[in-house]
> 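Dropping the structure in here first, questions after.
Note: hydrogens, waters and symmetry copies are ignored here, and every other heavy atom, side chains too, is used.
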2 protein chains.
Amino acid sequence: MKTRRKSPVNLITTDQNACSINLRLRILGRLPFFAGLSQKALESINQRFNSIGYNAGEFIYFAGDVADKLFVVAEGKIKIFQHGSNGRNVMLDILAEGDFFGNLTVLGASNYPDTTQALTSTCVLCIQSDGFGQILNDYPRLAIKTIQVVEKRLIAANQRVFKISSLTVEKRIAFTLLELGQKLGVQKDNSLLIDAPISRDDLAEMTAATAETVSRVMSQFQSNGIIESGRLWVSIINMEALRDLSKME
Amino acid sequence: MKTRRKSPVNLITTDQNACSINLRLRILGRLPFFAGLSQKALESINQRFNSIGYNAGEFIYFAGDVADKLFVVAEGKIKIFQHGSNGRNVMLDILAEGDFFGNLTVLGASNYPDTTQALTSTCVLCIQSDGFGQILNDYPRLAIKTIQVVEKRLIAANQRVFKISSLTVEKRIAFTLLELGQKLGVQKDNSLLIDAPISRDDLAEMTAATAETVSRVMSQFQSNGIIESGRLWVSIINMEALRDLSKME
DNA sequence: GCAGTTAACTGATCTATATCATGGAAGCTT
DNA sequence: AAGCTTCCATGATATAGATCAGTTAACTGC
């Protein structure tokens, strides 16, 4: 029997004051989204935001809630998913610092189509959707940037459909691990640690598979020296091998 | 053996002059997207568009082409899909009058992620992406409307992922038929004809299934009196039964 | 109206992955 | 450090749907 290893993922990513008022401006200013705005504009935009902290496991909102807010991840990791009544969830993404989520536009009284839950302790910045609408009206360049953000996600979503319908589970998992590595990876000596507490179940929800199948594939990856993994952590050892495996041919 | 019926779908939907210059303004003005703009603004926007006609089967663009144009369907039906090298395509949507496709924003030198092909003879309006970007800059309300259009598609794409991963093929087909009925349906005495030449292969590409499986399910639907169908056409007889079948429970 | 082509139907078989079931390891809790 | 809970591994079995294959029906063009 393979022996699993202790988790190298640090679950406490923020301290209590990460969301303090005086830090908001700095966080917003760092976002590529707001790059190029004057300090004055940035300050006025900052006025409209406030910040909220969540502990690991807490929900930010549920699918069906009235969608009147837009959020930005300031610190921590958040999973965004749709839940099937049967318990078959589908994860759309794991959000990290700088990612937007919630309601981007002022669609009259709509509801969130998905649910968001903190994976680690997190801090999010929050703004009323109509306030954000006014900002977009005042700064058309931001509106165009917003279109680009949403369009990128649309393209990614379409590619996910493509992968689910034409790739094997093994390839989908390989792909997903590469994406997670790229987005959440931190270099640790000779491996790339995915810096979020990801379970087999999470991977199953990301790849449209079952936890058992994911477990089998991950075991195989591990015995081939491609990854290292344990309870709630994964780390990529051989990136090239993963890339080969994910090839569509 | 069940005998199939002659197609009631009219494949010739446009005449040669449907795209004539003097019709463009009328078509643009009808679009909900441009609703609320002054006649003057509309005329200046119209200046930037030109129109192109395609015969059934012709391609508007291929995945990978340089994405420098935005299109609007003026008349006809267009399928938009991704093709897998193996021949396993994934259809994203069937576009009808008023739908946008192509490149909405001025992303520096990107490529189309999908391929578009006319299902009937069609006419499309066309604008350079950077020209459209200027329009969005001039009319921030249009930019916000654009965000809404893309966001709706994103939500639809995510729901497609959800359906593929958690519903049976039968349910997915039922769902897809309902969507097609809603979008392309025309009432014919006691049935709703889907007004586009849709093959079993097309349905397979829409539902992430094979043509054979689709054929079997459609045969069953037909013998249950839920639909009527033949070579390149489908018509819904019993909407309620389809809705029941598509229920997720 | 006949020949050729493409789309659709259906039977037989196969397989990737889900399901069901059990045991073991990691990490909390007190 | 003992007990509890959650997560992970893995074997055995079942099955939805893919694949392979052969036939029939609708449309197209001459």
> Report which part of the nucleic acid Ala209(B) touches: base, sugar-phosphate, or nothing (heavy-atom distance under 4.0 Å, all strands).
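Contact class for Ala209(B): sugar-phosphate only.
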
> Among the candidates dT10(D), dA18(D), dA8(C), find the nucleotide nearest to the side-chain atoms of Glu212(A).
dT10(D)

> How close or far is atom P of dC8(D) from atom CZ of Phe221(A), stated in whole angstroms?
16 Å

> Would you mind telling me which of dC8(D), dA9(D), dT17(C) lies closest to the side-chain atoms of Gln222(A)?
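Among the listed nucleotides, the one closest to the side chain of Gln222(A) is dA9(D).
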
> Between C1' on dT15(D) and CD on Glu170(B), what's the gap in Å once rounded to a whole number?
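Those two atoms, CD and C1', are 15 Å apart.
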
> With the side chain of Ser219(A) defined as its heavy atoms from C-beta on, choose the nearest nucleotide among dA18(C), dA25(C), dT10(D).
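For the Ser219(A) side chain, the nearest candidate turns out to be dT10(D).
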
> Before giving the answer on side chain to side chain donor-acceptor pair (under 3.5 Å), spell out for Thr176(B) and Thr207(B) the whole-Å C-alpha distance, their side-chain angles and the decisive distance to 0.1 Å.
CA-CA 7 Å; Thr176(B) 302; Thr207(B) 55; 5.7 Å; no

> Take the protein atom CE of Met218(A) and the nucleotide atom C1' of dC7(D), then report the distance between them rounded to whole Å.
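Between C1' of dC7(D) and CE of Met218(A): 13 Å.
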
> Which of the following nucleotides, dG17(D), dT10(C), dC8(D), is nearest to the side chain of Ser215(B)?
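So the side chain of Ser215(B) is nearest to dT10(C).
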
> So if I take every side-chain heavy atom of Arg88(A) and compare against dC7(D), dT10(D), dA18(C), which nucleotide ends up nearest?
dA18(C)

> Between C1' on dA16(D) and CZ on Arg172(B), what's the gap in Å once rounded to a whole number?
10 Å

> Check every strand shown and say whether Ser199(B) touches a base, only sugar-phosphate, or nothing at a heavy-atom separation below 4.0 Å.
sugar-phosphate

> Can you tell me the distance, in whole Å, between the CG atom of Leu203(B) and the P atom of dC9(C)?
11 Å

> How far does CD of Glu205(B) sit from CD1 of Ile198(B), to the nearest 0.5 angstrom?
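Between Glu205(B) CD and Ile198(B) CD1, I get 11.0 Å after rounding to 0.5 Å.
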
> Tell me which nucleotide among dG17(D), dT19(C), dA8(C) gets nearest to the side chain of Thr168(B).
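The answer is dG17(D).
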
> From the set dT17(C), dA18(D), dA8(C), return the single nucleotide nearest to any side-chain atom of Thr213(B).
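The answer is dA18(D).
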
> Hey, is the side chain of Arg216(A) pairing donor to acceptor with the base of dT19(C) inside 3.5 Å?
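Donor-acceptor pair under 3.5 Å: yes.
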
> Return the value, rounded to whole Å, for the distance between atom CD of Gln220(B) and atom P of dG17(D).
12 Å

> Could you state the CD-P distance from Glu205(B) to dA7(C), rounded to the nearest angstrom?
11 Å

> Any donor-acceptor pair under 3.5 Å linking the side-chain atoms of Ser165(A) with those of Arg160(B)?
no

> Between Lys163(B) and Phe175(B), is NZ or CZ placed under 6.0 angstrom from the six-membered ring centre and within 45° of the ring axis?
yes

> State which of dC8(D), dA8(C), dT6(D) makes the closest approach to the side chain of Arg200(A).
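Looking only at heavy atoms from C-beta outward on Arg200(A), the closest nucleotide is dC8(D).
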
> Which whole-number value in Å describes the distance from Ile164(A) CD1 to dT17(C) C1'?
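One finds 14 Å between C1' of dT17(C) and CD1 of Ile164(A), rounded.
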
> Going by side chain to side chain donor-acceptor pair (under 3.5 Å), name the residues that satisfy it together with Asp99(B), two or more places apart in sequence or in a different chain.
Lys183(B)

